[in-house]
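This report refers to the structure that appears directly beneath it.
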Amino acid sequence: MYALVDGNNFYVSCERVFRPSLQGRPVIVLSNNDGCAIARSNEAKALGITMGMPWFQIQRQWPDVGLIALSANFCLYGDMSSRMMSIAAGLGPEQEIYSIDESFVGMHGMRGDLVARGHAVRERMLQWIGIPVGIGIGPTKTLAKLANHIAKTADRKPGSYPAGLARVCHLGALPASDFDAVLAATDLGEVWGIGQRIAAQLRAEGLSTALDVARMDAAMAHRRWSVTFSRTVCEMQGQPCIALEEAPAPKKEIACTRSFGQPVTELRGLIEAVSEFASRAAEKLRRQEGRAGQVLVFIHTSAFRHGERQYSRSITVPMRRPTADSGLLVATAVRALQAIYRPGYKFAKAGVMLLDLQEGSLEQHELDLDESASDRSGLMGTIDRINDRFGRSTVALASAGVARCERGWTMRQELRTPDYTTRWTDLPRARA
DNA sequence: TCTGGGGTCCTAGGACCC
DNA sequence: TCTGGGGTCCTAGGACCC
């Protein structure tokens, strides 16, 4: 058996822990640049605000409903996430951390009442960190995920499912007829692995529910769609095809990309942005002790501005040898940028990706008489430790721009809450 | 005026090889 | 009139996830 523990409206719930006045009100959390909604409280969902809806449109459509919007505070969410994961780990012997607010737990060989155990962990989560979660249990990860959806929906919309499935739902414990009835009441689009495209194709075939998917022929699903989708069908039938991954695999590519707070036309601004993105990506790379063999840089204008001239280009540059040196990666990224930059456009977004990643231990050395290319891994380690201790960009490369306030490209975050749990000066105060 | 960021996997088709 | 067969590797693009 597998369980999936998932925070309800996670980012909103994190904010509510430190601002209880947000309880019961429509609250949304906005993406970087305060661009669009990426988390919604139940009240905001009930209003009709959808995932990814642009903020300017939401303001226009719901001007007078007391809606509270907050800029995303990923420091806070990341810290709350690790607390949540350690409590979720109490559910069973194995754990996979699947995303910032979701964790699969392997419950193989566990005896006793798994539903009661789920409720106990859920209560502990509420009491210890104040985050409400839903727990789904099933014989495969896909069914656990579906059970989680049912647990949360039954909680939020009474009457949609039998009340006993709310908050903690164990699909593996249901009699066959009840199992079928619950799946028949669930849209196929809710199944993990079925996105918009496949959902539309299945509907065109006359299928509409999760039960219809569970009754498909897996071999046919492979022939007509893909192996990936045939695995989804098998998992819906209770046959595990997707393993629990306890240790996170090293990344195969690392990206740092951002939309700008304002359009950028000058090369100078783009150089600053690309320098910063490349060094952020290099930091992530060193954290997994990897080296990059290639650097990709892209820039593009905003596809949403229909009246304006559009330009979009990317370029991939190989490194002479794989490296994790910020200086080399930044210099390469800037050279790549210069090759694709064209004046006269309003650039909206840029990004750097590190590709062809390899393990640091496999480094190939070469006879090198050029001192400028000497090994600076010690220096990089020192920079990383300083920035870990004193905060991001305490030490940075000068090409990323020194006067932060003058950089027009940095993102807008006008509605950001304090870093309650990760910065001494932001600690909440308790009054007697 | 204003529309996020970071990933993975699979497939098809072309290049290339013998 | 006639023009092989089989395999691998790489890349771009699609689809999916949160």
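Just so it is clear, the structure is predicted and the values come from calculations on it, not from any experiment. Proteins come first, then strands; the chains are lettered A, B, ... in the order of their sequence lines, and each starts at number 1.
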Taking the side chain of A:Tyr98 as heavy atoms from C-beta outward, which of C:dC18, B:dG5, B:dG7 is closest to it?
C:dC18
Round to the nearest Å and state the distance from A:Asn8 atom CG to C:dC18 atom C1'.
15 Å
Side-chain ion pair, A:Arg16 and A:Glu43, N-O less than 4.0 Å:
yes
Return whichever of A:Pro263 or A:Arg258 has its heavy-atom-nearest nucleotide of DNA chain B closer to the 5' end.
A:Pro263
Intermediate values then yes/no, side chain to side chain donor-acceptor pair (under 3.5 Å), A:Gln294 and A:Thr316:
CA-CA 7 Å; A:Gln294 299 180 334; A:Thr316 306; 5.6 Å; no
A:Arg167 atom CZ, neighbour heavy-atom count above 12 within 6.0 Å
no
With a 4.0 Å cut-off on heavy atoms, is A:Asn32 in touch with a base, just the backbone sugar-phosphate, or nothing at all?
sugar-phosphate
Presence of salt bridge, A:Lys145 and A:Glu235, under 4.0 angstrom
no
Would you mind reading off the distance between A:Ile315 atom CD1 and C:dT11 atom C1', rounded to a whole angstrom?
16 Å
Looking at A:Ser99, does any N or O in its side chain come under 4.0 Å of the phosphate oxygens OP1/OP2 on C:dC17?
no
A:Asp34 near the nucleic acid: base, sugar-phosphate alone, or nothing, with a heavy-atom cut-off under 4.0 Å?
nothing
A:Ser31 has a side chain; which of B:dC9, B:dG4, B:dG6 sits nearest to it?
B:dG4
What's A:Glu102 touching, base or sugar-phosphate or nothing? Going by heavy atoms closer than 4.0 Å.
sugar-phosphate
Please answer whether the main-chain N or O of A:Cys75 pairs with a side-chain N or O of A:Asp79 as donor and acceptor at a distance below 3.5 Å.
no
Assess the pair A:Tyr2 and A:His108: is the distance between their ring centroids shorter than 6.0 Å?
yes
Whole angstrom value for the distance that separates C1' of B:dG7 from CG of A:Leu354
14 Å
Paired stems touching DNA chain C, three or more consecutive Watson-Crick or G-U pairs with both distances under 3.5 Å?
B:5-18 with C:5-18
With the threshold set at 4.0 Å, does a side-chain nitrogen-carboxylate oxygen contact exist between A:Glu276 and A:Arg280?
yes
d(CG, A:Leu355; C1', C:dT11) in whole Å:
12 Å
Nearest heavy atom decides the nucleotide; on that basis, is A:Ala249 or A:Met51 closer to the 5' end of DNA chain B?
A:Met51
Which nucleotide in B:dG5, B:dC9, C:dC18 has an atom nearest any side-chain atom of A:Lys349:
B:dG5
May I ask you to check if A:Lys141 and A:Phe104 form a cation-pi contact, with NZ or CZ under 6.0 angstrom from the six-membered ring centre and within 45° of the axis?
yes
Hey, can you pull the residues of residues 217-233 of chain A with a non-hydrogen atom under 4.0 angstrom from DNA chain B?
A:Ser226, A:Val227, A:Thr228, A:Arg231
Measuring to OP1 and OP2 of B:dT8, would you say a side-chain N or O of A:Lys251 lies under 4.0 angstrom away?
no
Could A:Asp187 and A:Arg203 be called an ion pair, given the rule that one side-chain N must be under 4.0 Å from one carboxylate O?
yes
I'd like to know whether the aromatic ring centres of A:His306 and A:Phe304 sit less than 6.0 Å apart in this structure.
no
With a 4.0 Å heavy-atom cut-off, tell me which residues in residues 188-207 of chain A come close to DNA chain C, sorted by residue number.
A:Val191, A:Trp192, A:Gly193, A:Ile194, A:Gly195, A:Gln196, A:Arg197, A:Ile198
Taking CE from A:Met353 and C1' from B:dG5, how many angstroms apart are they, rounded to a whole number?
10 Å
Please name the pair of heavy atoms, one in A:Val352 and one in A:Thr257, separated by the smallest distance, quoted to 0.1 Å.
N-CG2, 4.2 Å
SB check A:Arg412 A:Asp34 (cutoff 4.0 Å)
no
